[in-house]
Amino acid sequence: MSSIQQKNKIFGIIDANNFYVSCEQAFNPKIKNKPVIVLSNNDGCVISRSKEAKALGIKMGQPFFEIKDLVEKHNVIAFSSNFSLYADLSYRFHEILSLYFPKVEIYSVDESFIDLSEFNNYDLHSYLKMIKENIYQWIKIPTCIGVGRTKTLAKLANEYAKKNQEYNGIFIALTKEKELEILTKNKIEDVWGIGKKTVNFLKKNNIYTPYDLIQQNQYWIRKNLTINGLKILYELKGLSCKEIESNVIQRKKSATISRSFRKVITEKEELESKLLEFCVKLSEKLILHNLVPEYLGLYLRSNPFDKNEVYYSNHSMIKLPYPSNSIETLKKNSFELLKKIYKKNIKFKKMGLYALGLRENYLGIQKNLFEQYSKRSNELSKLIISLFNYYNRLGKRKILFGKNLMYGYLFSDNPSTIIRSGKYTLAIEEVMEVYIK
DNA sequence: TCTGGGGTCCTAGGACCC
DNA sequence: TCTGGGGTCCTAGGACCC
């Protein structure tokens with residue numbers, strides 16, 4: 001087999017299979033090899049499916065009410081989301097990777113890019129196999145690994161490994177033959193960064209595989225698919241445009257707390273009480289990341305699916321008098337925003353509070369008239385948050401950095417009619433009990 | 001009856017300036 | 001009988017990802 005340019009970088013991506021479902025199965029071996037799904041907040045829609053659930057035709061993001069018959073008929077096991085548990089397993093997953101690889105980029109709750117450029121002398125396949133097995137042994141999470149000359153090719157290799165069981169979850173596309181295999185045998189929609197809209201456009205132009213795409217003229221791609229499309233083209237050709245980004249340098253640019261309400265809300269006072277809760281959550285998230293926002297925004301909307309009501313959606317944003325992540329500041333300003341966008345007699349279904357223009361809360365940023373006030377305020381915020389957490393009995397939580405890492409900081413899981421699994425690793429009263437005969 | 005939440009990046013177009 | 005050109009900055013909205 002001919003090996004492609006050894007000097008080049010080697011990218012790997014490792015991700016968990018059906019992560020949330022796998023988390024549930026990790027603590028409940030009885031539900032392995034069965035159709036299992038995890039639902040979003042309010043048990044609204046499906047956000048994770050086991051292999052068997054996928055085989056039944058259950059789609060990602062599908063509303064739960066649409067599949068209730070299917071669920072009953074095939075004894076599909078449905079869980080309400082238990083994000084604090086998933087966040088903890090996510091932390092453990094990433095911790096294990098950092099044991100084996102010096103350069104890791106946490107890309108999401110369940111996947112990381114790894115720099116394999118220095119691993120030329122290893123038998124890569126058996127090394128990766130060993131890691132995959134260790135992860136399974138330690139946290140019982142099955143994974144897939146893809147390797148390629150660029151991030152996009154690694155993603156494609158990972159996708160290929162997932163679809164073709166015979167590779168046992170590892171595909172290394174570092175020879176011309178293997179690279180051609182993932183380019184020709186994957187579909188265009190499997191390419192990272194090519195979404196629904198673009199797929200439709202490309203198919204109209206007779207482009208069905210990644211291989212078809214790289215035959216195209218780069219000016220045509222740039223014109224029709226913007227700079228992003230051009231980067232994808234280069235990456236598929238083996239020219240790396242996306243580096244492994246160290247998570248220490250990476251910084252969040254925005255933070256949002258948003259919820260759909262189980263029941264619609266029309267009264268301003270009720271929205272205010274929800275909003276206060278959002279402020280606590282947002283403050284906590286910002287303090288965890290040591291960030292302060294310059295801008296604060298709020299949006300409200302009614303139910304877009306309700307055909308009997310006129311759809312209402314509005315938002316507003318303000319520049320804060322000075323950057324602050326204290327609950328008091330967030331509350332005062334968000335309540336002002338609510339006044340602006342609230343409208344009587346609207347059945348509100350969703351609200352979101354977001355912070356923009358985040359910067360590091362280094363000492364001195366608040367060196368102004370408000371300094372003393374801010375300091376006190378900050379301590380107060382922390383106190384309120386810890387009280388909140390105490391009452392929510394979540395115990396200790398870990399801080400994770402990652403561009404798309406967002407599930408770790410929720411502290412009131414909504415009550416629900418579906419089963420919620422235990423906080424096995426987080427709350428002492430919910431730790432599993434094992435009896436040895 | 002019941003439709004998630006949290007992110008990033010890019011572009012077009014308007015406001016404004018000289 | 002006639003309405004510049006070029007630049008910056010900001011924002012809304014689209015597309016995509018997990």
Side-chain angles (χ1 to χ4, degrees), chain A residues 13 15-16 18-20 37-48 59-69 71 78 80-81 83 86-87 90 106-113 151-152 155 158-159 189-201 222-232 241-242 245 250-264 278 281-282 285 289 295 297 299 301-308 313-317 319 349-358 400-410 413-414 416-418:
Chain A
I13 177 103
D15 76 342
N18 324 322
F19 184 57
Y20 298 158
I37 54 174
V38 171
L39 303 170
S40 65
N41 267 2
N42 300 332
D43 301 325
C45 40
V46 179
I47 54 171
S48 185
K59 302 266 181 301
M60 184 66 177
Q62 193 167 15
F64 186 47
F65 71 86
E66 277 180 20
I67 55 163
K68 271 191 173 149
D69 290 345
V71 165
S80 291
S81 42
F83 291 124
Y86 311 150
S90 168
I106 298 175
Y107 179 65
S108 77
V109 258
D110 71 336
E111 62 191 306
S112 266
F113 284 103
K151 275 183 163 180
T152 307
K155 276 282 230 181
N158 177 284
E159 195 61 38
E189 50 263 51
D190 297 328
V191 177
W192 186 41
I194 306 251
K196 229 178 178 176
K197 259 287 178 55
T198 313
V199 167
N200 286 338
F201 171 79
R222 174 65 182 89
K223 188 172 155 240
N224 293 292
L225 269 55
T226 79
I227 188 75
N228 287 329
L230 192 62
K231 278 187 189 169
I232 292 170
C241 304
K242 303 172 184 193
E245 289 171 56
Q250 236 175 52
R251 201 129 273 139
K252 254 182 191 302
K253 293 178 178 157
S254 71
T256 308
I257 302 293
S258 70
R259 288 291 177 282
S260 293
F261 310 131
R262 197 173 278 267
K263 279 184 184 162
V264 291
F278 283 24
K281 289 180 183 186
L282 187 59
K285 195 188 259 191
H289 288 89
Y295 300 91
Y299 69 84
R301 68 163 171 77
S302 63
N303 187 353
F305 301 102
D306 190 345
K307 300 274 185 296
N308 303 317
S313 165
N314 201 355
H315 72 104
S316 187
M317 191 176 72
K319 190 173 202 288
K349 181 67 180 168
K350 186 172 183 176
M351 178 165 68
L353 179 67
Y354 55 93
L356 294 175
L358 303 185
L400 284 169
F401 268 100
K403 227 186 290 183
N404 297 319
L405 212 73
M406 53 293 191
Y407 293 123
Y409 317 110
L410 308 170
D413 293 328
N414 280 335
S416 135
T417 50
I418 319 280

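All chains are named by letter (A, B, ...) in the order of the sequence lines, taking the proteins before the strands, and each is independently numbered beginning at 1.
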Legend entry - Atom pair CD1/CD1 of I227(A) and I232(A) - distance to nearest 0.5 Å: 11.0 Å
Legend entry - Nucleotide nearest I257(A) (side chain, heavy atoms from C-beta), chosen from dG6(B), dC16(C), dG5(B): dG6(B)
Inset, instruction - Verify the contact: side-chain N or O of S260(A) to OP1 or OP2 of dG5(B), cut-off strictly under 4.0 Å; return yes or no. - result: yes
Legend entry - Of T226(A) and P63(A), the one whose closest DNA chain B nucleotide lies more 5': P63(A)
Legend entry - dC2(B): syn or anti, per glycosidic angle within 90° of 0: anti
Inset, instruction - Tell me whether the OP1 or OP2 atom of dG6(B) has a side-chain N or O from S258(A) closer than 4.0 Å. - result: yes
Inset, instruction - Can you measure from CG (D190(A)) to CG (N158(A)) and round to the nearest 0.5 angstrom? - result: 11.0 Å
Legend entry - T256(A) vs dG7(B): side-chain N/O to OP1/OP2 distance below 4.0 Å: yes
Inset, instruction - Give a yes/no answer on whether the side chain of K253(A) brings an N or O atom under 4.0 Å of OP1 or OP2 in dC9(B). - result: yes
Legend entry - Interatomic distance, K242(A) NZ vs dC9(B) P [rounded to whole Å]: 11 Å
Inset, instruction - With rounding to the nearest 0.5 Å, note down the distance linking OG in S260(A) to CZ in R301(A). - result: 5.5 Å
Legend entry - Atom-to-atom span, NZ of K231(A) to P of dT8(B) - whole angstrom: 15 Å
Legend entry - Spacing of CG belonging to L225(A) relative to CZ belonging to F201(A), to within rounding of 0.5 Å: 6.0 Å
Legend entry - Interatomic distance, Y295(A) OH vs dT11(C) P [rounded to whole Å]: 6 Å
Legend entry - Any K350(A) side-chain N or O less than 4.0 Å from OP1/OP2 of dT3(B): no
Inset, instruction - Find the distance D43(A):CG to dT3(B):C1' and express it as a whole number of Å. - result: 12 Å
Legend entry - Sugar-phosphate only, base, or nothing, as touched by K263(A) at under 4.0 Å among non-hydrogen atoms: nothing
Legend entry - Sugar-phosphate only, base, or nothing, as touched by K349(A) at under 4.0 Å among non-hydrogen atoms: sugar-phosphate
Legend entry - Nearest-Å distance for atom pair NZ/P, residues K197(A) and dG13(C): 15 Å
Inset, instruction - From the options dC18(C), dG7(B), dG4(B), select the nucleotide whose nearest atom is closest to the side chain of S40(A). - result: dG4(B)
Legend entry - Paired nucleotide for dC18(B) [Watson-Crick or G-U wobble; both distances under 3.5 Å]: dG5(C)
Inset, instruction - Remember a base hit wins even if backbone is also touched, and classify V191(A) as base, sugar-phosphate or nothing at under 4.0 Å, heavy atoms. - result: sugar-phosphate
Inset, instruction - Whole angstrom is fine here: how far is it from CG in N228(A) over to C1' in dC17(C)? - result: 12 Å
Inset, instruction - Measure the distance from CD on E111(A) to C1' on dT8(B) and round it to the nearest whole Å. - result: 14 Å
Inset, instruction - Measure from the side chain of F65(A), starting at C-beta and using heavy atoms only, and say which of dC18(C), dT11(B), dC2(B) lies closest. - result: dC2(B)
Inset, instruction - Report yes if a side-chain nitrogen or oxygen of S254(A) is closer than 4.0 Å to either non-bridging phosphate oxygen (OP1 or OP2) of dT8(B); otherwise report no. - result: yes
Legend entry - Atom-to-atom span, CD1 of I232(A) to C1' of dA15(C) - whole angstrom: 11 Å
Legend entry - N or O in side chain of K307(A) less than 4.0 angstrom from dT3(B) OP1/OP2: no
Inset, instruction - Answer yes or no: is there a side-chain heavy-atom contact under 4.5 Å between E245(A) and F113(A)? - result: no
Inset, instruction - Using a cut-off of strictly less than 4.0 Å, decide whether R222(A) has a side-chain nitrogen or oxygen near OP1 or OP2 of dC10(B). - result: no
Inset, instruction - Would you mind telling me which residue lines up with the more 5' stretch of DNA chain B, Y299(A) or F305(A), judged by nearest nucleotide? - result: F305(A)
Legend entry - Phosphate OP1/OP2 of dG6(B): any R259(A) side-chain N/O under 4.0 Å: yes
Inset, instruction - Please answer whether the main-chain N or O of T256(A) pairs with a side-chain N or O of K285(A) as donor and acceptor at a distance below 3.5 Å. - result: yes
Inset, instruction - State yes or no: are the ring centers of Y295(A) and Y354(A) separated by less than 6.0 Å? - result: no
